[in-house]
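Naming: A, B, ... by sequence-line order, numbering from 1 per chain.
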Amino acid sequence: MKKTESFFDLVFQVVRQIPEGRVTSYGAIASCLGSPQSSRMVGWAMNASHTAFPPVPAHWVLNRNGLLTGKMHFSSPDAMQDLLEKEGIEVKNDAVIRFKELFWDPQKELSLE
DNA sequence: CACATGACTGACT
DNA sequence: AAGTCAGCCATGT
């Protein structure tokens with residue numbers, strides 16, 4: 001298990017491009033990769049994020065509802081929310097406040113980059 | 001090679 | 001409005 005991380009690597013790189021204090025969704029990343037339907041692969045890639053290095057800021061990646069779906073996969077279920085709050089992002093009921101305002105579209109932002 | 005799983009999303013009931 | 005089903009594609013067994 002070393003190569004074959006092509007898809008994972010794509011997701012990891014995109015996530016690492018997320019500006020601090022911003023968030024994005026799995027669907028956005030999937031779309032950026034060219035497969036808006038492969039949102040599952042994005043989540044799957046995040047599952048492997050703990051094996052990637054440097055560590056991927058998965059706490060910025062949420063589902064389309066802005067919910068901290070993957071918080072349970074962190075070191076601690078509350079770590080994700082805590083990190084977001086430290087970034088100045090308000091989190092209530094496992095959901096990011098002003099999600100659409102903090103939303104960072106990789107396809108759009110990276111395209112303009 | 002075939003089946004089962006997964007941090008999602010959209011549509012249907 | 002809330003719950004259920006299917007589609008999507010890569011990884012692991």
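Separating the CG atom of D9(A) from the P atom of dA10(C) is a distance of 15 Å, rounded to the nearest angstrom. Rounded to whole angstrom, the span from the CZ atom of F7(A) across to the C1' atom of dA7(B) amounts to 14 Å. For the pair D94(A) CG and dA7(B) C1', the interatomic distance rounds to 13 Å; values are reported in whole Å. Nucleotide dA10(C) holds its P atom 11 Å from the CG atom of L10(A), rounded to whole Å. Protein atom CE of M46(A) is 15 Å distant from nucleotide atom P of dT11(C), rounded to whole Å. Rounded to an integer number of Å, the gap from CZ of F8(A) to C1' of dA7(B) is 12 Å. What separates CG of L33(A) from P of dT9(B) is a distance of 14 Å, to the nearest Å. If you take CZ of F12(A) and P of dT11(C), they are 10 Å apart, rounded to a whole angstrom.
Only N63(A), R64(A), T69(A), G70(A), H73(A), F74(A), listed by number, bring a heavy atom of residues 63-82 of chain A to less than 4.0 angstrom from any atom of DNA chain B.
For S39(A), the side-chain atoms get nearest to dT9(B) when compared with the rest of dT9(B), dT11(C), dA7(B). Here dA7(B) is the nucleotide among dA7(B), dC8(C), dT9(B) with the atom lying nearest to any side-chain atom of A58(A).
Between the side chain of S38(A) and the base of dA10(C), no donor-acceptor pair under 3.5 Å is found.
Of all heavy-atom pairs spanning L62(A) and L67(A), the tightest one is CB-O, 3.5 Å. Residues A52(A) and F12(A) share a closest heavy-atom pair of CB-CE1, 3.4 Å. In terms of heavy atoms, L83(A) sits closest to F74(A) at CD1-CE2, 4.5 Å.
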Base-pairing string, 5' to 3', of DNA chain B - Watson-Crick or wobble, under 3.5 Å, | interstrand: .|||||.||||||
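Residue A48(A) is out of contact with every strand shown, counting any heavy-atom pair closer than 4.0 Å.
Separation of atoms CD1 (I89(A)) and CD1 (I97(A)) is listed at 11.0 Å; rounding is to 0.5 Å.
With D105(A) contributing its side chain and Q107(A) its backbone, the two residues share a donor-acceptor pair below 3.5 Å.
Tested against H59(A) for a side chain to side chain contact (heavy atoms under 4.5 Å, CB included), the candidates K86(A), M80(A), K71(A), Q81(A) yield a single pass: M80(A). Shown are T69(A), L68(A), V42(A); of these, the side chain to side chain contact (heavy atoms under 4.5 Å, CB included) with N63(A) is made only by T69(A).
Classification of the F103(A)-F99(A) ring pair by plane angle, with boundaries at 30° and 60°, yields perpendicular.
Environment of CZ in R16(A): crowded, with over 12 heavy atoms of neighbouring residues, nucleotides or ligands closer than 6.0 Å.
Both S25(A) and W44(A) lie near DNA chain B, and the one whose nearest nucleotide falls closer to the 5' end is W44(A).
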